[in-house]
Novice: 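Take a look at the following structure, please.
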Amino acid sequence: MLGKCIENVRETTPLVHNITNYVTVNDVANVLLACGGSPIMSDEPDDVVDITSICGGLNINIGTLNKSSIEGMFLAGKRANELNHMVLLDPVGAGASKLRTDTAVKLMDEIKFTVIRGNISEIKTLALGSGTTKGVDADVADAVTDETLDSAVKFVKDFAKKSGSIVAITGAIDLVADGDRCFVIRNGRPEMGKITGTGCQLSGMMTAFLVANPDNLLEAAAAAVCTMGLAGEIGWANMQEGDGNSTYRNRIIDAIFNMNGAILDKGAKYEVR
Amino acid sequence: MLGKCIENVRETTPLVHNITNYVTVNDVANVLLACGGSPIMSDEPDDVVDITSICGGLNINIGTLNKSSIEGMFLAGKRANELNHMVLLDPVGAGASKLRTDTAVKLMDEIKFTVIRGNISEIKTLALGSGTTKGVDADVADAVTDETLDSAVKFVKDFAKKSGSIVAITGAIDLVADGDRCFVIRNGRPEMGKITGTGCQLSGMMTAFLVANPDNLLEAAAAAVCTMGLAGEIGWANMQEGDGNSTYRNRIIDAIFNMNGAILDKGAKYEVR
Amino acid sequence: MLGKCIENVRETTPLVHNITNYVTVNDVANVLLACGGSPIMSDEPDDVVDITSICGGLNINIGTLNKSSIEGMFLAGKRANELNHMVLLDPVGAGASKLRTDTAVKLMDEIKFTVIRGNISEIKTLALGSGTTKGVDADVADAVTDETLDSAVKFVKDFAKKSGSIVAITGAIDLVADGDRCFVIRNGRPEMGKITGTGCQLSGMMTAFLVANPDNLLEAAAAAVCTMGLAGEIGWANMQEGDGNSTYRNRIIDAIFNMNGAILDKGAKYEVR
């Protein structure tokens, strides 16, 4: 089932507008191309409305935000909402600085996001901080493990219900939920944490999956998570003696380039709760 | 003949100032080093005049333009013109937003470019939009193919004549023309489109070729196009099972690193019309 | 002895705040992860104080400075000083433009740097230009070679004494000195100069080494230089036919990923003067 989601990306070449950080932007662009999408980057307030209008989806990543790009995020997000485009929020560093937390919370208040994707710490910050999501019990553990899984699944479903967005928490175990269902995903390798930006890459790719699968958004988001994790497994299996995190980065993107529906269906490891 | 152009780059190590987008900037720098040039990046208006003054060429790429970098483009371009430096325009996304189109057209009005390099869509936008180039018939097909080649050659020559710049249109078939002659180039691989920024890389490298070959500018521009396309062929021939677009990016830059005049002369596929 | 320094990085995972250029920032992040550190990037003035407060070290690189990031550098640097964090200055391009020279000199005047790391040209510019360092004889040769070594060692020690910072000059022979001792390091390969940003990568990594070795700062800085150079040697030894500078970049970062104390102690080539 999830395999069909990546096939739909390859058949429709969704155009994704990315307002993203300058650290990992090149990898985000190459991952979007690898999975069958097409990237455009623009953060200038005078440019973003035109650019997002010709795209199918918008990926907002606050990783190296600045005053100008923040303005661009709001303008692009509102325009994307008017056009009923897919819009994803990656709240990089929410909780680490007041500006990042405030920006992410304000984005959630003013823009409707199809998906919010982050690590457990970032998502907890948003759950606590957002006016629209008050009341969510964020007293959940700081890592999703088998021991904390039940409470984490409840938390992510609750936050999804209150926020009206699909919520994806990525880590050792990944959770992708709307208010009713939660995909619990066990693809991936711990060594992916030694590469900068696998989360940013996933957010870009996920936006393409959403655009290509408008009638199955939860499955699309879960398929993107499985694709990234499975690529991490395949890439790691291909590592040679002397290889390290730089080569691993290349091998993961390469594995996405070579991914198809059959590989994904065979390798995806998940249950739905 | 074209082989001599890359030899001249390696012998003179031209210093190229790049005002370019943050998506592909690292690859642009590494390609410039691979071909024998030396890159400097700077877009701050208070910095660009000094930086461009110590260089031999300026590469202006509007891919992730912002208000500040646009100001830097005009300041650097005018200074480079005063110093009779080589100046190249890569109008990334012209036609996709009003800001990009207006900026590219205004740059053409105020700065003399040695070369304008883009895809057919971007170049058509400039041909229609620029005050200095009014009258060029841009009613040419949206792709350069064997069927549309005659009209495309006429278009690129006309636009080169009117604009006073060498014009390079890259795609499945590449065209590099001044008002009189057009190099029709058939190097390259379609898979290069699955890597972000091969066009940006070419623009950076081409600027170095221009600086190193001031007496043969058209040949220099054509040699850069052939070098990029041939590197794409060599890189593809070196692909192993499991490799994808990320490794392909590395192999292309590697192939440029290993390119010399003999390899280029043997592998370049072009005719002059 | 130096081997212990990288072991300490791996054991403590120092968090490093980088205000660095957008050309090489991805490699800086991956090198920090490769050596066992953890990177955060932020240059927005409204964000940097919070971000630097949660880190152990700050790496300021002026490579693509702009008005906003310059403001961020001063704010972050002063906050890092208040917190007694490690702070490193990489004065990229000092001497190449007035803005870069003035910014680097002003940073030295207002912020106490644990280490200043640059090439001989940049360091000479700072030695001549800084009010706090007037009187240093910068009439030293423009390259550190066996012929110029004595005067270069004297220069770097003098500048370290006057500036109150450890000073690292990298080139064919690397010098890392405080006012009393100078590590003369002969690791590395000339081909490293064909990759963009090995200096930037070193600065990021060195900051992590400083944070992890607060009681042996000179050794920590020297260990980072040896690690980078040795990785360049190991990476070069792993090059295959057809490889070039792009693959070399990956192999160097990979070699750092696989570096440990024993490899470093065995491969480090230095004397102390």
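Residue numbers start from 1 in every chain, and the chains themselves are labelled A, B, ... in the order their sequence lines are given, proteins ahead of strands.
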Novice: Does any part of the side chain of C:Arg249, heavy atoms only, come nearer than 4.5 Å to the side chain of B:Asn250, both counted from C-beta?
Specialist: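 B:Asn250 vs C:Arg249: side chains touch.
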Novice: With a 4.5 angstrom heavy-atom cut-off, could you sort out which part of C:Asn26 is near chain B: side chain, backbone, both or neither?
Specialist: neither
Novice: Flag the pair B:Glu44 / C:Ser69 as yes when at least one side-chain heavy-atom distance between them is below 4.5 Å, and no otherwise.
Specialist: no
Novice: Which pair of heavy atoms, one from C:Gly193 and one from B:Leu33, lies closest together, and at what distance?
Specialist: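 Minimum heavy-atom contact is O-CD2, 3.8 Å.
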Novice: Is the number of heavy atoms from other residues, nucleotides or ligands within 6.0 Å of NZ (B:Lys67) greater than 12?
Specialist: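 Yes, enclosed.
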Novice: C:Ile195 versus B:Asn30: any side-chain heavy-atom pair under 4.5 Å?
Specialist: yes
Novice: Do C:Tyr22 and B:Asp43 have side-chain atoms, one donor and one acceptor, less than 3.5 Å apart?
Specialist: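 Yes - a donor-acceptor pair under 3.5 Å links their side chains.
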Novice: Could you tell me whether the side chains of C:Ser246 and B:Asp254 share a donor-acceptor contact shorter than 3.5 Å?
Specialist: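 The criterion, which ignores hydrogens and geometry beyond distance, is not satisfied for B:Asp254 and C:Ser246.
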Novice: Let me see the working for B:Met41 and C:Asn21 under side-chain contact (heavy atoms from CB on, under 4.5 Å), right down to the final yes or no.
Specialist: CA-CA 9 Å; B:Met41 277 64 178; C:Asn21 67 76; over 6 Å; no
Novice: For C:Asp27, is it the side chain, the backbone, both, or neither that has a heavy atom closer than 4.5 Å to a heavy atom of chain B?
Specialist: side chain
Novice: Can you say whether B:Ser68 sits under 4.5 Å from chain C via the side chain, the backbone, both, or neither, judging by heavy atoms?
Specialist: neither
Novice: Counting distance only, does the side-chain N/O of B:Asn258 pair as donor-acceptor with the main-chain N or O of C:Gly242 below 3.5 Å?
Specialist: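 Yes; judged by distance alone, with no hydrogens or angles, the pair exists.
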Novice: Looking only at heavy atoms, what is the nearest atom pair of C:Lys194 and B:Gly36, with distance?
Specialist: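 For C:Lys194 versus B:Gly36, the nearest heavy atoms are NZ-CA, 4.0 Å.
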Novice: Do you know which of C:Leu65, C:Thr247, C:Thr103, C:Thr64 has the most heavy-atom pairs under 4.5 Å to chain B?
Specialist: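 If we count pairs closer than 4.5 Å to chain B, C:Thr247 comes out on top.
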Novice: NZ of B:Lys98: more than 12 outside heavy atoms within 6.0 angstrom?
Specialist: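 Result for NZ/B:Lys98: open.
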Novice: Atom CZ in C:Arg100, atom CG in B:Asp46: separation rounded to 0.5 Å?
Specialist: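 Rounded to the nearest 0.5 Å, the CZ-CG separation comes out at 12.0 Å.
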